[in-house]
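Proteins come first, then strands; the chains are lettered A, B, ... in the order of their sequence lines, and each starts at number 1.
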Amino acid sequence: MESRYKSFRYVESLSEFIDQQVTLRGWVYNITGKGKLQFIMLRDGTGIVQCVVFKNNVGEEIFQQTKELTQESSVSITGKVVSSEKAPGGIEIDVTNLEVIHIAKEYPITPKEHGDAFLIEHRHLWLRSSRQNAIMRVRAAVMKAIRDFFDGNGFKLLDSPILTPNACEGTSTLFETKYFDLGSAYLSQSGQLYAEASALALGKVYTFGPAFRAEKSKTRKHLTEFWMVEPEMAFFDLNDDMDLAEDLVEYIVQFTLKTCKKELEVLERDIRPLEKVKRPFYRMSYTEAVEWLVSNKIPLVQKIDGKDVESEFPWGEDFGAVQEEAIMEQFDKPLIIHRYPTDIKAFYMKRDPDNPKVVLAMDMLGPEKAGEIIGGSQREDNFDLLLDRILNENLPEEEFKWYLDLRKYGSVPHSGFGLGVERVVKWITGAAHIRETIPFPRMIYRITP
RNA sequence: UCCCAAGUAGCUCAGCUGGUUAGAGCAUCUGACUGUUAAUCAGAGGGUCGGGGGUUCAAGUCCCUCCUUGGGAGCCA
C-alpha cells in the first residue's frame, strides 16, 4: 500500500487474496437488499464482484449509507475476500467498511432491456455494461495482436497522414475540409499510397490509424470512421501478400482466443468456429468464383426500370453481398478471392502478366457472415502502365507525381493490404452491429456522443 | 440515393373493426424482510400518444404531409 494507486485492488486479481482484507474502488453495477442485508454488485472495469453488507457487521450508519446507494454510484469498499458458492463467480466480499464517493442520479440504463437507438445515444454510459466492456477488451486484444504480429516480424510502424490532397483510390466519397490557402483537403480513406513510399524506404512497414469514408452507408458492417491496419512490403508478390494476410488473421484470432476467454464467455460466443481459424485458409480466383456462382445458379440481380431482373452471373461484374454470402456458406475458415477483373478494381493494382484482364488483387472474406475483412493487392510498379491508369481514371496527374516517382527511382514489386479492425472485432465477438465494436462510432446520422 | 419498418410514461412495450378517466413491467419515492442474483410483497408519483393538417358527433387508432430513428441495397475494410 505504498502509493495512492496501489492502495486498492482490482476485481480481476481477487482470487489471489482469499481470506484477506482488501479495499476495492468502483461503481455499483446493481444493488439488491433484504432487511439487514444488502448485496452490491461492484464493478471496477476489470470485473464484477458481489459485496455483502450485513447491518450487524458494519453498524447503523454505514448500513444506512449502503441503502441509499444507487446504480452506478461510486464507492470504496473494504472487506474480507471469501469464496462462496452462493456468489456469482464464486468469490464475494464480506464488507467491513464502505465509503461513498458519489451518489449517482437516476441512471438511464437499467438492468432491463433497451432499444438500439437509446443505447447508442447513451454510448458514453453503455460502455460500462458488461457486454460492451467485454467487446472493448477484445478490441484491445485485437489491436495488440496486430501490433505484436508486425513488430515481431520485422515491420516498422510508419503513420500515414490523415489530411490528404486527393482521393487515394479515386472512387470513394471523401470528407472535405478547408486547408489554409491551398484549397481543399480530404480526410484519408486509406494510408496505402504513403505506406508504399514508406515500404520502399524501410522494406516492411505498416500504417495503423483511422480511415474515413463519406459514403452514406446504413448497414451493420459500415462506419464512417474506422480503424485500418495496412502493411506494405517491398519485394512481396501477390502470393507473399496472401500468405502474410493468412498469418496475420490466424495470429489475431488465436491470440484473442488465448487472452480473452472470459470476455468471449460473457459474450456467449461459440469459440469452436474460431478455433478452426488456422492456416491454410481457402483460396479461389475470381474466375473460379464466377464459375461456382453460375453452376450453383446464384444470379446477378439488377434493377432495370425499377424491376429486379435476374441473369446468369457474368464474368466482369463485381460481387455483391448476395454472391459473397452464398460463396462463403461452404467455408468454415476465411477465403481469399484473388485476381479480379481490372475494370472493377483500383488504378494502382498490378495487372496479371499472364492475363491483363485481371489484376493481382485479393479480398479475404470471413466465415460466419463476417464479410470482407481484408482487401489488398500487388501494386503496379511500371511507370508507364501506372500513369496510363491514372490518366484513364481522370485522376489529377499532378497530385500523383510523388507517387509516380516511386516507379522512377528503383521501382520494385511490392504488395500490401488493409484489414478493417472493427470488422474483425465484430466477427470474433459475434457483435450484432459494427457500432458496438468501436468506443464511439461515427455513422451517417450520428456523431454524438 | 433507393426500398422497407417504427415513433405511446425515464426505459421496454400493449392498446382489437375509431367510443367514457390511456395500461403493464422495469426505473424513481415510502414501508416490510439475514442470502439477493432482472429479489419479492404493499403503496405513491409520473403521459402535449413525434410535429402539423384533415375526415368524424368522437382520433393513440383512419387519411395526407413533414420530422426523427432503425434495417436492407449500393460503396467498401
Colleague: Closer to the 5' end of RNA chain B via nearest nucleotide, is it A:Ile434 or A:Met443?
Modeller: A:Met443
Colleague: Can you give me the closest heavy-atom contact between A:Phe255 and A:Ala145, atom names plus distance?
Modeller: CD2-CB, 3.6 Å
Colleague: Examine B:A27: is either OP1 or OP2 under 4.0 Å from a nitrogen or oxygen in the side chain of A:His114? Give yes or no.
Modeller: no
Colleague: Looking only at side chains, do A:Glu215 and A:Thr173 share a donor and an acceptor under 3.5 Å apart?
Modeller: yes
Colleague: B:U1 phosphate, OP1 or OP2: any side-chain N/O from A:Lys216 under 4.0 angstrom?
Modeller: yes
Colleague: Please find out if less than 6.0 Å separates the ring center of A:Phe417 from that of A:Tyr206.
Modeller: no
Colleague: Any side-chain N or O of A:Arg220 below 4.0 angstrom from OP1/OP2 of B:G70?
Modeller: no
Colleague: Quick check on B:G35: is either OP1 or OP2 less than 4.0 Å from any side-chain nitrogen or oxygen of A:Lys34?
Modeller: yes
Colleague: Under 4.0 Å between any heavy atoms, over every strand shown, what does A:Phe226 touch: base, sugar-phosphate, or nothing? Just pick one.
Modeller: base
Colleague: Check every atom of B:C75, B:G72, B:G35 against the side chain of A:Lys218 and return the nucleotide holding the closest atom.
Modeller: B:G72
Colleague: Pick from A:Leu274, A:Ile428, A:Leu257: which one makes a side chain to side chain contact (heavy atoms under 4.5 Å, CB included) with A:Arg269?
Modeller: A:Leu274
Colleague: Tell me which nucleotide among B:G35, B:C76, B:A38 gets nearest to the side chain of A:Asp318.
Modeller: B:C76
Colleague: Please step through ring pair (Phe, Tyr, Trp, His ring centres under 6.0 Å) for the pair A:Phe347 and A:Phe400, ending with a clear verdict.
Modeller: CA-CA 12 Å; A:Phe347 73 94; A:Phe400 286 97; 5.4 Å; yes
Colleague: May I ask you to decide if the ring planes of A:Phe331 and A:Tyr282 are parallel, tilted or perpendicular, using 30° and 60° as cut-offs?
Modeller: tilted
Colleague: Show me the protein contacts with nucleotides 41-46 of chain B, counting only N or O atoms at under 3.5 Å.
Modeller:
none

Colleague: Which dot-bracket notation, 5' to 3', represents the base pairing of RNA chain B when pairs are defined as Watson-Crick or G-U with both distances under 3.5 Å, crossing pairs as [ ], and inter-strand pairs as |?
Modeller: (((((((..((((.....[...)))).(((((.......))))).....(((((..]....))))))))))))....
Colleague: For RNA chain B, which residues in residues 360-377 of chain A have a heavy atom at a distance below 4.0 Å?
Modeller: A:Glu372, A:Ile373, A:Ile374, A:Gly375
Colleague: Pair A:Phe319, A:Phe313 - check ring pair (Phe, Tyr, Trp, His ring centres under 6.0 Å), show working.
Modeller: CA-CA 9 Å; A:Phe319 300 142; A:Phe313 198 92; 5.5 Å; yes
Colleague: Over how many whole Å does the gap from A:Leu125 atom CG to B:A27 atom P extend?
Modeller: 18 Å
Colleague: Nearest whole angstrom, please: distance from the P of B:A38 to the CZ of A:Phe39.
Modeller: 13 Å
Colleague: Look at the side chain of A:Thr110 against the base of B:C11 and say whether a donor-acceptor pair falls under 3.5 Å; ignore hydrogens and angles.
Modeller: no
Colleague: Between A:Glu72 (CD) and B:C11 (P), how many Å, whole number?
Modeller: 18 Å
Colleague: Regarding A:Thr23 and A:Thr78, is there a side-chain donor-to-acceptor distance under 3.5 Å anywhere?
Modeller: yes
Colleague: Between B:U30 and B:U69, how many Å separate the two C1' atoms, rounded to a whole number?
Modeller: 38 Å
Colleague: Work out how far the C1' atom of B:A14 is from that of B:U8, and round it to whole angstrom.
Modeller: 10 Å
Colleague: Would you measure the distance from the C1' atom in B:A44 across to the matching atom in B:C63 and give it in whole Å?
Modeller: 41 Å
Colleague: If we take the C1' atom in both B:G15 and B:U21, what is their distance in whole Å?
Modeller: 15 Å
Colleague: Could you give the CD1-to-C1' distance, from A:Ile109 to B:U28, as a whole number of Å?
Modeller: 17 Å
Colleague: For the pair made of CZ in A:Phe212 and C1' in B:C76, what is the distance, rounded to whole Å?
Modeller: 16 Å
Colleague: If you assign A:Gly33 and A:Ala87 each to the RNA chain B nucleotide with the nearest heavy atom, which residue ends up on the more 5' nucleotide?
Modeller: A:Ala87
Colleague: Looking only at atom C1', what distance separates B:C13 and B:A22, rounded to whole Å?
Modeller: 14 Å
Colleague: Within less than 4.0 Å of OP1 or OP2 of B:G71, is there a side-chain N or O belonging to A:Arg435?
Modeller: yes
Colleague: Reckon A:Lys55 touches a base, only the sugar-phosphate, or nothing at all at heavy-atom distances under 4.0 Å?
Modeller: nothing
Colleague: How far does the C1' atom of B:A24 sit from the matching atom of B:C62, given to the nearest Å?
Modeller: 27 Å
Colleague: Regarding A:Gln38, tell me which of base, sugar-phosphate or nothing describes its non-hydrogen contacts under 4.0 Å with the strands shown.
Modeller: nothing
Colleague: In whole angstrom, what separates A:Ile48's CD1 from B:A38's P?
Modeller: 11 Å
Colleague: Looking only at atom P, what distance separates B:G60 and B:G18, rounded to whole Å?
Modeller: 13 Å
Colleague: Can you name the closest pair of heavy atoms from A:His124 and A:Phe440 and give their distance?
Modeller: CA-CE2, 3.9 Å
Colleague: Is the NZ or CZ atom of A:Lys333 both under 6.0 Å from the centre of the six-membered ring of A:Phe281 and within 45° of that ring's axis?
Modeller: no
Colleague: Rounding to an integer number of Å, can you tell me how far A:Ile444 CD1 sits from B:G71 P?
Modeller: 12 Å
Colleague: Which is true for A:Tyr445 with a 4.0 Å heavy-atom rule: it touches a base, it touches only sugar-phosphate, or it touches nothing?
Modeller: sugar-phosphate
Colleague: How is A:Glu121 classified with respect to the nucleic acid when contacts are heavy atoms under 4.0 Å: base, sugar-phosphate, or nothing?
Modeller: nothing
Colleague: So what does A:Ala211 touch, heavy atoms closer than 4.0 Å: a base, only the sugar-phosphate, or nothing?
Modeller: nothing
Colleague: What I want to check is whether the side chains of A:Tyr29 and A:Ser129 have a donor and an acceptor closer together than 3.5 Å.
Modeller: no
Colleague: Rounded to whole angstrom, note down the P distance from B:G10 over to B:G51.
Modeller: 14 Å
Colleague: If we count only N and O atoms by modelled type, under 3.5 Å, do the side chains of A:Trp315 and A:Thr287 hold a donor and an acceptor together?
Modeller: yes
Colleague: Taking the minimum atom-to-atom distance to the side chain of A:Glu106, which one of B:A77, B:A73, B:U28 wins?
Modeller: B:U28
Colleague: A:Phe118 has a side chain; which of B:C11, B:G74, B:U36 sits nearest to it?
Modeller: B:C11
Colleague: Among B:U36, B:A77, B:G35, which nucleotide sits nearest the side chain of A:Leu37?
Modeller: B:G35
Colleague: Categorize A:His433 for me: base, sugar-phosphate, or nothing, with a 4.0 angstrom heavy-atom threshold over every strand shown.
Modeller: sugar-phosphate
Colleague: Where does the angle between the aromatic ring planes of A:Phe118 and A:His122 fall among parallel (under 30°), tilted (30 to 60°) and perpendicular (over 60°)?
Modeller: tilted
Colleague: Mind listing the closest non-hydrogen atom pair of A:Ile135 and A:Ala431 along with its distance?
Modeller: CD1-CB, 4.2 Å
Colleague: Please work out if A:Pro88 contacts a base, only the sugar-phosphate, or nothing of the nucleic acid, heavy-atom cut-off 4.0 Å.
Modeller: base
Colleague: Specify the separation, in whole Å, of atom NZ of A:Lys67 and atom P of B:G31.
Modeller: 7 Å
Colleague: For the residue pair A:Thr437 / A:His433, report whether a side-chain donor-acceptor contact shorter than 3.5 Å exists.
Modeller: no
